[in-house]
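A short worksheet on the structure shown next.
If you're wondering where the values come from, they're calculated on a predicted model, not measured in any experiment.
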Amino acid sequence: MSEAQSISDGSGKVRDLTAFQQNILAILAEEARYGLAIKRELENYYGTEVNHGRLYPNLDDLVEDGLVEKSELDKRTNEYELTDAGYNAILDQFEWTLSKFVTDDERADDVRTLIDQ
């Protein structure tokens, strides 16, 4: 595997994806994209170049793990799309993060404000 990860417990919840892999899933949650469009989104987020040697092995891992589906747009371009399992992985991460972050009503209100934007 390209970045350290251990996947899946018996219930299908994904744990231990790298932040980079979670960011790929978040990008694909918006809409299906081809590899270079994912690369551009990541570069905008990180403010630095993302090497093909980092992006594509991680995409392949996410495909292998059933979190992302890969299809051919044309002979040279692949499109990547979030699967139901990938969607559930994002929700699982949100649930865990929120369970740690929302410790009082003020923080709950802060999260509601973000959601309402």
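Ionic pairing of Glu31 and Arg33 is present here: one or more N-O contacts between side-chain nitrogen and carboxylate oxygen are shorter than 4.0 angstrom.
In this structure, the side chain of Asn51 does not engage the main chain of Arg54 through any donor-acceptor pair within 3.5 Å. Under the 3.5 Å distance criterion, the side-chain polar atoms of Glu69 are left unmatched by any main-chain donor or acceptor of Thr83.
Side-chain atoms of Ile38 and Val50, non-hydrogen and from C-beta on, never get closer than 4.5 Å to each other. Taking 4.5 Å as the limit, some side-chain heavy atom of Leu62 sits within range of a side-chain heavy atom of Leu17.
Atom CG of Leu36 sits about 9.0 Å away from atom CD of Glu43, to the nearest 0.5 Å. If you take CD on Glu41 and CG on Asn44, they are separated by 6.0 Å, rounding to the nearest 0.5 Å. The CG atom of Leu55 sits 5.5 Å away from the CD1 atom of Ile24 when rounded to the nearest 0.5 Å.
Residue pairs meeting the ring pair (Phe, Tyr, Trp, His ring centres under 6.0 Å) criterion with at least one partner in residues 56-81, sequence neighbours excluded, are His52-Tyr56.
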Distance-only donor-acceptor pairs under 3.5 Å for side chains of residues 106-117, two or more places apart:
{"unit_1": "Arg107", "atom_1": "NH1", "unit_2": "Phe101", "atom_2": "O", "d": "3.0"}
{"unit_1": "Asp109", "atom_1": "OD1", "unit_2": "Arg112", "atom_2": "NH1", "d": "2.8"}
{"unit_1": "Thr113", "atom_1": "OG1", "unit_2": "Asp109", "atom_2": "O", "d": "2.9"}

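Under the 4.5 Å side-chain heavy-atom criterion for grouping Ile, Leu, Val, Met, Phe, Trp and Tyr, Phe94 is connected to Ile27 within one hydrophobic cluster. Both Tyr87 and Leu25 are members of a single hydrophobic cluster when ILVMFWY side chains are connected at heavy-atom separations under 4.5 Å.
Nearest heavy-atom pair across Gly66 and Ala85 is O-CB, 3.5 Å. Of all heavy-atom pairs spanning Ala29 and Ile90, the tightest one is CB-CD1, 3.8 Å.
Within a 6.0 Å radius of CG in Asp60, other residues, nucleotides and ligands contribute more than 12 heavy atoms. Summarising the local packing, CG of Asp105 is surrounded by 12 or fewer heavy atoms from other residues, nucleotides or ligands at distances under 6.0 Å.
Not counting sequence neighbours, the partners of Tyr46 by the side chain to side chain donor-acceptor pair (under 3.5 Å) test are Asn23. A search for side chain to side chain donor-acceptor pair (under 3.5 Å) contacts involving Gln22 returns nothing, not counting sequence neighbours. Among residues two or more places apart in sequence or in another chain, the side chain to side chain donor-acceptor pair (under 3.5 Å) test is passed with Tyr34 by Arg40. By the side chain to side chain donor-acceptor pair (under 3.5 Å) test, Gln93 pairs with Thr97, sequence neighbours left out.
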*side-chain contact (heavy atoms from CB on, under 4.5 Å) evaluation trace for Val68 with Leu28*: CA-CA 8 Å; Val68 171; Leu28 293 175; 3.8 Å; yes
inquiry  = Does Asp61 form a side-chain contact (heavy atoms from CB on, under 4.5 Å) with Gln21? I'd like the steps, not just the answer.
reply    = CA-CA 9 Å; Asp61 287 345; Gln21 291 166 330; 4.2 Å; yes
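In summary, the side chains of Glu72 and Asn78 do not present any donor paired with an acceptor at a separation below 3.5 Å, with no hydrogens or angles considered.
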